[in-house]
Amino acid sequence: MHSSDEKLEVALEMSGVNPAEEDLEKILDGFTRGLELAAQLYTVPGVRYEEPALIFSARVAGAR
Amino acid sequence: MEYLTIADALEALRENKTTATELLQSAHAVADELDSELGIYLSRFDEQAMAAAAEADRIYAAGEPAGPLLGIPLGIKDIISTVEGETTAQSLVLDRAWGEGIGDAVVTARLRAAGGLITGKLTTMEYATGVPDPTKPFPVPRNPWNTEYWTGGSSSGTGNGVATGAVLGGLGTDTGGSIRIPAAFCGISGIKATFGRVPKSGCVPLGYSLDNIGPMARSARDCAIMLNVLAGYDASDACAVDEPVDDYVAGLSGDLSGTRIGLDRLTGAWSERDPAIDAALDAVVEALTGLGATVVDVSLPLWSELSAATRITSRSEAFAYHAPDLQSRWSDYFAATRQGVGTAVAYSGADYVQAQRVRRVGQKAVAGLFETVDLVITPTSSVAGWTIDSLSTMAERFGAMHTGYWNAVGNPALVVPMGFNEIGLPLSVQIVGKPFDEVAVLRAGDAYQRVTDWHLAVPPVLSAAAVA
């Protein structure tokens with residue numbers, strides 16, 4: 001298992017973002033909380049076979 | 001100093017008791033006196049607004065047909081485009097050419113066509129997220145009820161501008177509460193309508209599937225007057241909904257007979273809770289019951305899960321927009337913006353899609369609740385605000401504000417003042433309805449304000465300015 005700070009380091013590298021040293025502690029706090037929130041999404045009763053709230057329209061906005 | 005609601009100002013204009021020019025001069029006087037202390041405006045359009053006021057006065061004098069907002073000074077949050085001046089999103093990062101290429105956003109054009117006087121661009125949190133960063137060259141918005149305190153965000157200048165009469169109404173935007181939180185902290189009213197009800201093209205995005213533009217004003221009636229102008233389909237916004245628009249003002253009957261209201265006090269939603277909230281909620285229930293409503297206790301389904309879905313969706317959509325600039329201009333962003341949006345790297349593409357599945361589950365659960373009640377009320381926030389010095393990032397404050405849940409499911413939500421806490425900061429109640437039932441929401445808010453006067457209270461900073 002990797003620690004949160006190791007996971008954050010990988011995630012930041014993959015995203016191409018290079019935060020200032022002074023921001024890393026705050027980002028790690030939010031990142032760790034974010035992982036917990038994301039995990040929570042997969043435990044919601046009834047969600048396993050639900051369609052996502054994503055709607056794509058073939059019509060371009062503003063076009064006739 | 002004049003300090004009228006929009007409804008009162010329109011009546012005074014129609015009865016020739018004031019002029020648009022006088023209303024605007026009064027609003028300008030407030031801004032001249034208080035802006036440097038409160039941080040209301042980023043830019044003012046005095047010359048253009050005065051010309052529009054003169055034209056409004058000519059129309060009234062000639063007895064020509066008047067638009068529903070003719071002669072009313074209105075401010076625009078500076079993430080929404082206007083023809084008069086640049087849109088900055090209160091950021092060093094945003095390319096100023098973006099707004100120049102748009103001109104008026106749909107909502108700005110609608111306010112202008114209705115006769116509104118566009119007074120200028122109002123402060124925001126950078127890109128409509130985070131908290132102030134005093135190291136950046138922008139005003140720090142302060143709460144007119146106590147200038148040591150924050151206005152709330154992100155529609156901060158609309159909040160303190162309306163609360164002081166620097167504008168009589170204005171536009172805010174709301175992705176997780178950015179209309180409702182500053183309205184609550186500044187003691188005014190504001191509504192996030194049903195998602196898609198108000199076109200958002202011409203507005204800098206934060207969370208594409210969560211963003212709403214809406215009115216902020218002193219009263220629910222004022223919000224109804226403005227929403228009558230703002231609501232309605234426009235093809236330029238892919239999220240706009242092509243459904244008939246109700247007459248929100250005509251729906252303000254003052255009568256709540258037969259209305260079933262569910263109350264969730266949200267006592268466990270946040271660790272910190274202002275001790276004055278529950279007595280204020282009791283008084284709200286008493287007032288609504290006296291107006292004919294029946295109030296029962298309810299428990300909002302999937303509270304933490306839907307709040308999480310809003311957060312993950314908002315952060316992920318914002319990161320998609322900001323990634324190139326975060327990669328190349330990290331330090332140009334406000335600290336809270338870069339730290340907050342930067343946390344989106346925690347979420348995978350699958351997490352984002354899962355959040356949208358949770359929103360569907362949540363919509364169904366909330367719809368089930370609304371089969372038993374017509375409206376839901378909650379405290380808007382567990383706290384009345386924080387001092388500016390104590391702010392760090394929005395992430396640490398998010399759970400205290402009970403607004404993002406409703407962005408996940410899209411229902412209309414109005415906030416109105418419901419009293420004050422021990423140190424004189426406003427408290428606020430949130431009134432939520434079924435999708436596209438803004439009429440019921442506004443009717444309840446207006447009826448409540450007919451039997452209370454919290455929304456007419458004047459901040460001490462204004463009283464002090466008037467005396468000086």
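Lettering follows sequence order; numbering is per chain, from 1.
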[X] side, atom [atom1]; [Y] side, atom [atom2] - distance, nearest 0.5 Å:
X: A:L37; Y: B:S307; atom1: CG; atom2: OG; result: 9.5 Å
X: A:L54; Y: B:R360; atom1: CG; atom2: CZ; result: 8.0 Å
X: B:Q356; Y: A:E50; atom1: CD; atom2: CD; result: 12.0 Å

For [X], which atoms come within 4.5 Å of any heavy atom of chain B: side chain, backbone, both, or neither?
X: A:S15; value: both
X: A:V17; value: both
X: A:F56; value: neither

*So with a 6.0 Å cut-off around CD of A:E25, is the heavy-atom count from everything else above 12?*
no
*Side-chain donor/acceptor of B:R357 to backbone N/O of A:R48, under 3.5 Å*: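 Checking the backbone N and O of A:R48 against the side chain of B:R357, a donor-acceptor pair under 3.5 Å is found.
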*Selection from A:N18, A:V10, A:L8, A:I27 maximising heavy-atom pairs under 4.5 Å formed with chain B*: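 Most heavy-atom pairs under 4.5 Å with chain B: A:I27.
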_Among A:V47, A:T32, A:L12, A:L24, residue most engaged with chain B (heavy-atom pairs, under 4.5 Å)_ =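 Among the listed options, the one with the most contacts to chain B is A:V47.
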*Who are the side-chain hydrogen bond (donor to acceptor under 3.5 Å, both in side chains) partners of A:Q40, not counting sequence neighbours?*
B:S304
*Under 4.5 Å heavy-atom distance to chain A, tell me which part of B:A350 shows up: side chain, backbone, both or neither.*
both
*Go through the atoms of B:S209 and report whether side chain, backbone, both or neither lie under 4.5 Å from a heavy atom of chain A.*
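For B:S209, no heavy atom lies under 4.5 Å from chain A.
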*Do the non-hydrogen side-chain atoms of A:R33 and B:R311 ever get within less than 4.5 Å of each other?*
no
_With a 4.5 Å cut-off on side-chain heavy atoms, are A:M14 and B:V345 touching?_
no
*Which pairs count as side chain to side chain donor-acceptor pair (under 3.5 Å) when at least one residue sits in residues 326-336 of chain B, sequence neighbours excluded?*
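As it turns out, the side chain to side chain donor-acceptor pair (under 3.5 Å) pairs with a partner in residues 326-336 of chain B, which skip direct neighbours, are A:D23-B:W330, B:H322-B:Y333, B:R329-B:D332.
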*Please report the shortest heavy-atom distance between A:L41 and B:Q354, naming the atom on each side.*
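Of all heavy-atom pairs spanning A:L41 and B:Q354, the closest is O-NE2, 3.3 Å.
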*Which pair of heavy atoms, one from B:V361 and one from A:P45, lies closest together, and at what distance?*
CG1-O, 3.7 Å
*Indicate yes or no: does B:R338 engage A:E22 in a salt bridge with an N to O separation below 4.0 Å.*
yes
